**Student:** 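Take a look at this one; I'll ask things after.
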Amino acid sequence: MDLPGGEWVMAAGRQQPRLEDLDEHDLERARVRMAHLLEAETGYRSGSPHWARPGEPKPEYDPARTTLTSRRQAKVAELRALNTQDAKLLGLERISERTLERMSAEFEDHGLTGLADGRWAPPLRGHRSITDEVAEAIRAVHAESLHRSRLSMKTKERMIHQYVGEKWGQPAREAIPHYTTLAKVWKEWFGPGGARQRYARSAAAVETGRSKVVLSRPGQVVAVDTTPLPVKVLDDVFGVPISVDLTLALDAYTHSVVAFRLTPGSDSSVEVAMLLRDVLLPLPMRPGWGPEMEWPYPGVPASLVAQFAGHPVAGRPFFAPETVTSDHGSVYKNHHMVQVARSLGVDLLPARMMRPSDKAACERAFGGINSMLLQMLLGYQGVDVADRGIAPEDDAVWTLEQMEHLLATWIVKVWQNRRLDQYAPAWDPGGGHSPNTLFAAAAARDGISTEIPRPSLYYELLPPHFVQIQGNRGVKVGGFWYDGPALAPYRGRPSARSGRHRGKWVVVRDPRDCRQVYFEDPADGSWHALLWTGIPGGIDVPAFSDARVREVLREAARAGLKPLADRELLPALLDLVGARTKPSDWPTQMTRAQKIERARELARARSAAVDRPVGLAEPRTLPPAADVRELAQRHQEAVDAERQQRREQAVAKAPAAPPLLGETARRRSLFLLPGGDLEQEATQ
């Protein structure tokens, strides 16, 4: 606080000292002082004859033969006979009977705390050398250091001297304390200062506790975040332990988990876009779910919701979010996410840099899922390498599909019905509420919007590509050519689009499965799939992602291959996505890293297949994973078909069948009758 005398001191008054103020060394010294005091008062170091130590009581402290005064005098003589260093360590180098009397009174009033020397934990008196001028200079330099690049404390000291000297002259500059005092004051006022410069500016831009969002309805704020799942899972193809990411969407008002995604490897903006679409979609009932997990909320009957959705709906809220808050990860702040937010009609509200407290509910949900469910599963590896078990990957038994089903079941059955002790609503702070009861109360008060999004929303959330339709080749997206019957009326024609992409057509692509792209027919607004021209007709080529496309193009360029058509890229693609060997030996020819990478790619392709609109009446569940031998057979069939087509295209017409065995010898035989004679002989 500032005083009229120009001194900077701490606030007046101090709370009663406590044992917690002492460190372990000082606490042990206080216990030794208590033992000496109790021995002088009672004759026993423990204070009671029931816990007497061997040899107690000593003759000079025997309460049956001595008085309190004589015992105190004996204790003073004993302590004065101690080594000077030992007595000083206890703070009893100047012991007297009066000192023992004061210690006895303090012990009676405050217990062990009263025996602690005041020098062990003195009250803070501030820094009297920090005058008003120096305090103003420190604050000015702090504001300037936030604007500039990172500065050392020595540079800040020089700036303080410069500020004081230019504003108040040399006499005031001479009153500036030493560097160590300035560094200590800086740390007390502004913290240790270990954050990065941009994070420090972001934290200082908004004062904590001053800016608040008052939540009053579901969907007002939905927090989205991604964290590594602390459980090793097995991929659905090779059974190799892999790491996956858990992306969560949490409603800040009801604390309901309204959507989640398990993504092998790092997620992308497409997964986040589909996660936000899942918030709008009702969750279908799954096999094995009982009636207790169906739609329980009042106001809208379950049969009506099932009629709108096209399938029985589970007890998980769904609504149109208004604001989505997230951190500053690259998947949350890019052009695609801005387009997705515009399509969904939501506002993006990024949290402050390095401030997880801005989405504390989502962080707490991760901790709750970890402690209530994930720690009980085999393959749990913890959130820190230092706390990891011996070999968690050897204990992994849950596949990716099983883990996804387990999380969905646990969220609907457990999380949505658990009591929220720490997040009671403002209108009922003492009541017991769960995410389901909070959503039910909001539904009874404001109603529920049961608007189911249209199936074409899937295509609107995919990243767009502006291309031209070539005559007989189709469209080129990401280095690959795609074609289909839907392009027939528009080949070689520019679109009616103007502006930046004048005359170009829009084609969208799901980066998780690049075997096809999607074209919107301007005649009726329907969407059509355009297949990659490198796929042989009638052959189902395994799925591949955009990362695999880039790898194929790099491999082709490195080998000096300049294909005229995408069919020539198929061998390189198949070499990269799997080994071309016998089905029984195919998995053994791949390394562990290749298996994990391929399994992640197939898992993302399966997720893309689930997201594609296939009819509202069908529940959205993961399709069964392909078998290893089936994948090997599909690879071999694709290679054989590609080779056959290349052989057919190499000749103008089909080659004639070879003659039968011995036909050439019969033609040259001298005993062979002419054709006419053979016919005449046959008629006779």
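When a residue number appears, it is its place in the shown sequence, counting from 1. Computed from a predicted model, the values in this text were never measured in an experiment.
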**Student:** Does Arg502 have more than 12 heavy atoms from other residues, nucleotides or ligands lying within 6.0 Å of its CZ?
**Tutor:** no

**Student:** Taking the side chain from Glu294 and the backbone from Gly290, do they hold a donor-acceptor pair closer than 3.5 Å?
**Tutor:**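 The answer is no, because no donor-acceptor pair under 3.5 Å joins these two groups.
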
**Student:** Is a side-chain N or O of His336 found less than 3.5 angstrom from the main chain of Ser268, in a donor-acceptor match?
**Tutor:**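 Here the side-chain-to-backbone pair does not exist.
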
**Student:** Tell me, do Leu276 and Val224 make a side-chain contact under 4.5 Å, heavy atoms counted?
**Tutor:** yes

**Student:** Give a yes or no answer on whether the side chain of Arg493 reaches the backbone of Pro489 with a donor-acceptor pair at less than 3.5 Å.
**Tutor:** yes

**Student:** So do the side chains of Ser269 and Val340 get within less than 4.5 Å of each other, counting heavy atoms only?
**Tutor:** no

**Student:** Show the nearest heavy-atom pair for residues Ala396 and Leu234, with the distance to one decimal.
**Tutor:** O-CD1, 3.7 Å

**Student:** So, do Trp505 and Tyr490 have ring centers that fall under 6.0 Å from each other?
**Tutor:** yes

**Student:** Does the side chain of Phe519 reach to within under 4.5 Å of the side chain of Val475, using non-hydrogen atoms?
**Tutor:**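 No. Closest side-chain heavy atoms not under 4.5 Å.
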
**Student:** Does Asp251 come within less than 4.0 Å of Arg316, counting only side-chain N to carboxylate O?
**Tutor:** no

**Student:** Between Pro264 and Leu400, is any pair of side-chain heavy atoms under 4.5 Å apart?
**Tutor:** yes

**Student:** Is the shortest heavy-atom distance from the side chain of Ser343 to the side chain of Leu461 under 4.5 Å?
**Tutor:**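 Yes - at least one pair of side-chain heavy atoms lies under 4.5 Å apart.
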
**Student:** Measuring from atom CD1 of Ile242 to atom CG of Leu229, what distance do you get when rounded to the nearest 0.5 angstrom?
**Tutor:** 10.5 Å

**Student:** Quick test of your reading of the model: are Glu404 and Arg286 salt-bridged, counting only N-O distances below 4.0 Å?
**Tutor:** yes

**Student:** For Val517, does its backbone N or O pair with a side-chain atom of Arg509 as donor and acceptor, under 3.5 Å?
**Tutor:** no

**Student:** Tell me the closest heavy-atom pair linking Pro317 and Val258, and the distance in Å.
**Tutor:** O-CG1, 3.9 Å

**Student:** Working to the nearest 0.5 Å, report the span between CD of Glu271 and CG of Leu262.
**Tutor:**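 These two atoms lie 11.0 Å from each other.
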
**Student:** Leu462 and Met274: which non-hydrogen atoms are nearest, and at how many Å?
**Tutor:**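 Scanning both residues completely, I find the closest heavy atoms to be CD2-CE, 3.7 Å.
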
**Student:** Would you check if the side chain of Asp245 reaches a backbone N or O of Thr226 as a donor-acceptor pair within less than 3.5 Å?
**Tutor:**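 Not a single qualifying donor-acceptor pair exists.
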
**Student:** Have Gln416 and Ser256 got a donor and an acceptor in their side chains that come within less than 3.5 Å?
**Tutor:**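 Checked: Gln416/Ser256 side chains pair up, N/O donor to acceptor below 3.5 Å.
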
**Student:** Can you confirm whether or not the ring centre of Trp295 sits under 6.0 Å from the ring centre of Phe318?
**Tutor:**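 Trp295 vs Phe318: aromatic centres under 6.0 Å.
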
**Student:** Measure the shortest side-chain to side-chain distance between Lys476 and Gln468 over non-hydrogen atoms and say whether it is less than 4.5 angstrom.
**Tutor:**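 With C-beta onward as the side chain, the pair stays apart.
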
**Student:** Rounded at 0.5 Å granularity, tell me how far CG in Asn436 sits from NE2 in His255.
**Tutor:** 13.5 Å

**Student:** Any side-chain hydrogen bond (donor to acceptor under 3.5 Å, both in side chains) pairs touching residues 317-327, not counting sequence neighbours?
**Tutor:** Arg217-Glu322

**Student:** Hey, are Ser243 and Lys232 close enough side-chain-wise for a donor-acceptor pair under 3.5 Å?
**Tutor:**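 Distance-only check passes for Lys232 and Ser243.
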
**Student:** For atom CD of Gln402, is the number of surrounding heavy atoms from other residues, nucleotides or ligands below 6.0 Å larger than 12?
**Tutor:** yes

**Student:** With sequence neighbours left out, write down each residue that passes side-chain hydrogen bond (donor to acceptor under 3.5 Å, both in side chains) with Tyr518, or none if nothing qualifies.
**Tutor:** Gln516, Arg612

**Student:** For Cys514, run the side chain to side chain contact (heavy atoms under 4.5 Å, CB included) check against Tyr482, Phe480, Trp532 and tell me which one passes.
**Tutor:**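 Only match with Cys514 under side chain to side chain contact (heavy atoms under 4.5 Å, CB included): Tyr482.
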
**Student:** Assess the residue pair Thr227 and Leu248 against the criterion (side-chain contact (heavy atoms from CB on, under 4.5 Å)); give the C-alpha distance rounded to whole Å, side-chain angles, the decisive distance to 0.1 Å, and a yes or no.
**Tutor:** CA-CA 9 Å; Thr227 187; Leu248 208 66; over 6 Å; no

**Student:** What is the distance from atom OG1 of Thr254 to atom CG of Leu250, rounded to the nearest 0.5 Å?
**Tutor:** 7.5 Å

**Student:** Between Asp521 (side chain) and Ser526 (backbone), is there a donor-acceptor pair under 3.5 Å?
**Tutor:**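 Between the backbone of Ser526 and the side chain of Asp521 there is no qualifying donor-acceptor contact (under 3.5 Å).
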
**Student:** Kindly give the heavy-atom pair with the smallest separation between Ala273 and Met337, and that separation in Å.
**Tutor:**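 So the two residues come closest at N-SD, 4.4 Å.
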
**Student:** Within this structure, what is the CG-CZ distance for the pair Leu280 and Phe319, rounded to the nearest 0.5 Å?
**Tutor:**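 It comes to 9.0 Å.
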
**Student:** Indicate the atoms forming the closest heavy-atom contact of Pro464 with Val508, along with that distance.
**Tutor:** CA-CG1, 4.0 Å

**Student:** Could you check whether any side-chain heavy atom of Asp278 comes within less than 4.5 Å of a side-chain heavy atom of Arg261, counting everything from C-beta outward?
**Tutor:** yes

**Student:** Is it true that the side chains of Ser456 and Trp527 contain a donor and an acceptor less than 3.5 Å apart?
**Tutor:** no

**Student:** Roughly how far apart are Leu374 CG and Ile369 CD1, rounded to 0.5 Å?
**Tutor:**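 Leu374 CG to Ile369 CD1: 7.0 Å, rounded to 0.5 Å.
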
**Student:** Is the closest basic N to carboxylate O distance between Asp225 and Lys359 below 4.0 Å?
**Tutor:** yes

**Student:** Please answer whether the main-chain N or O of Lys504 pairs with a side-chain N or O of Ser495 as donor and acceptor at a distance below 3.5 Å.
**Tutor:** yes

**Student:** I need the minimum non-hydrogen distance between Ala314 and Trp289, along with the two atoms involved.
**Tutor:**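 Looks like CB-CZ3, 3.6 Å.
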
**Student:** Heavy atoms, side chains only, cut-off 4.5 Å: are Val221 and Leu215 in contact?
**Tutor:** yes

**Student:** For the pair His465 (side chain) and Gly478 (backbone), establish whether a donor and an acceptor sit closer than 3.5 Å, ignoring hydrogens and angles.
**Tutor:** no

